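In what follows, a structure is listed as structure tokens, so that the remarks can point back to it.
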Amino acid sequence: KQEVTQIPAALSVPEGENLVLNCSFTDSAIYNLQWFRQDPGKGLTSLLLIQSSQREQTSGRLNASLDKSSGRSTLYIAASQPGDSATYLCAVASLSGGSNYKLTFGKGTLLTVNP
Amino acid sequence: KAGVTQTPRYLIKTRGQQVTLSCSPISGHRSVSWYQQTPGQGLQFLFEYFSETQRNKGNFPGRFSGRQFSNSRSEMNVSTLELGDSALYLCASRRTGGGKNIQYFGAGTRLSVL
């Protein structure tokens with residue numbers, strides 16, 4: 001059974017700081033890994049998706065890396081802004097039987113960026 | 001292009017009642033998945049539907065069921081509601097048949113069971 005862990009559970013940083021969020025998973029047989037952002041009371045917004053064959057993906061100030069062999073992914077946020085304050089969720093996708101797709105989520109990291 | 005739409009956004013029910021939640025996927029997306037989010041358990045997979053068939057199911061009791069219609073819209077039903085069913089229910093859709101398999105989520109339905 002896949003288990004996903006995110007560390008730290010909460011993080012508070014001053015504006016402008018670079019930061020790293022960590023995600024670890026127990027089963028390396030993954031299909032892909034997605035990082036999401038969730039604002040309070042809202043749904044999930046997909047930030048980055050890394051296919052199992054890839055090592056990293058970049059979008060603007062965000063960079064996500066994947067090391068399948070060690071069961072780890074990191075989300076790097078450069079020059080953080082107050083608008084980045086949200087909960088960041090890591091989700092690992094499995095595809096069993098060729099068509100059964102399922103995401104297993106971590107509990108998330110609550111990020112607060114202080115002006 | 002419209003995103004994933006979930007209705008209603010908020011629901012208040014009492015124990016023992018049943019509830020039906022609705023999800024309209026992004027146009028062209030044939031896969032719809034449902035997730036439950038609670039403070040204690042986080043986000044947990046409920047089930048996935050594709051072409052009106054349930055393809056995958058999470059570890060939830062039989063009180064949780066769903067269906068998908070020919071236009072890919074999906075409904076989720078919870079019967080005999082319990083206090084512990086209070087949660088944010090999220091629906092997600094994705095395009096199948098190649099590509100990145102990104103799941104796009106709706107804003108969710110917040111269910112409160114009193």
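Naming: A, B, ... by sequence-line order, numbering from 1 per chain. As the structure is a prediction and not an experimental result, all values here were calculated from the model.
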Quiz item: Under 6.0 Å from the six-membered ring centre of B:Phe50 and within 45° of its axis: does the NZ or CZ of B:Arg55 meet both?
Solution: yes
Quiz prompt | Where B:Lys13 and B:Val19 come nearest, the two heavy atoms and their spacing | solution = CE-CG2, 4.0 Å
Quiz item: Between B:Asn56, B:Val4, B:Leu90, B:Leu88, which shows the greatest number of heavy-atom pairs under 4.5 Å with chain A?
Solution: B:Asn56
Quiz item: Out of B:Gln6, B:Arg110, B:Gln41, B:Arg9, which one racks up the most heavy-atom pairs below 4.5 Å with chain A?
Solution: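 Highest number of pairs under 4.5 Å: B:Gln41.
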Quiz item: Going by residue number, which parts of residues 31-40 of chain B are within reach of chain A, meaning a heavy-atom gap below 4.5 Å?
Solution: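 If one takes a 4.5 Å heavy-atom cut-off, the residues of residues 31-40 of chain B near chain A are B:Tyr35, B:Gln37, B:Gly40.
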Self-check item: Enclosure of A:Arg61 CZ (heavy-atom neighbours >12, cutoff 6.0 Å)
Solution: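 Enclosed: over 12 neighbouring heavy atoms sit under 6.0 Å from CZ of A:Arg61.
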Practice problem: Could you tell me which portion of A:Lys42 (side chain, backbone, both or neither) has an atom closer than 4.5 angstrom to a non-hydrogen atom of chain B? | Solution: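 A:Lys42 touches chain B through backbone heavy atoms alone.
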Quiz item: Would you call B:Glu82 and B:Arg63 a salt bridge, using N to O less than 4.0 angstrom?
Solution: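 Salt bridge flag = yes for B:Arg63 with B:Glu82.
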Practice problem: Please look at B:Leu43 and chain A and tell me whether the side chain, the backbone, both or neither of the residue comes under 4.5 angstrom of a heavy atom of that chain. | Solution: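 The answer is both parts of B:Leu43.
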Practice problem: Any pair with a residue in residues 36-63 of chain A that passes ring-ring contact (aromatic ring centres under 6.0 Å, His included), sequence neighbours left out, goes on the list, sorted by first then second residue, please. | Solution: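 Output for this query lists A:Phe36-A:Phe105, A:Phe36-B:Phe105.
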Exercise. Assign the ring pair A:Tyr101 / A:Tyr31 to parallel, tilted or perpendicular, where the plane angle (0 to 90°) is split at 30° and 60°.
Key: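 Rings of A:Tyr101 and A:Tyr31: perpendicular, as their planes differ by over 60°.
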Quiz prompt | B:Phe69 side chain near B:Glu52 side chain, heavy-atom distance below 4.5 Å | solution = no
Practice problem: Taking the six-membered ring for Trp and the single ring otherwise, decide whether the centroids of B:Phe47 and B:Tyr49 are under 6.0 Å apart. | Solution: yes
Practice problem: Mind ranking A:Gly43, A:Gly108, A:Ala91 by heavy-atom pairs under 4.5 Å with chain B and telling me who comes out on top? | Solution: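 Result: the option with the highest number of such pairs is A:Gly43.
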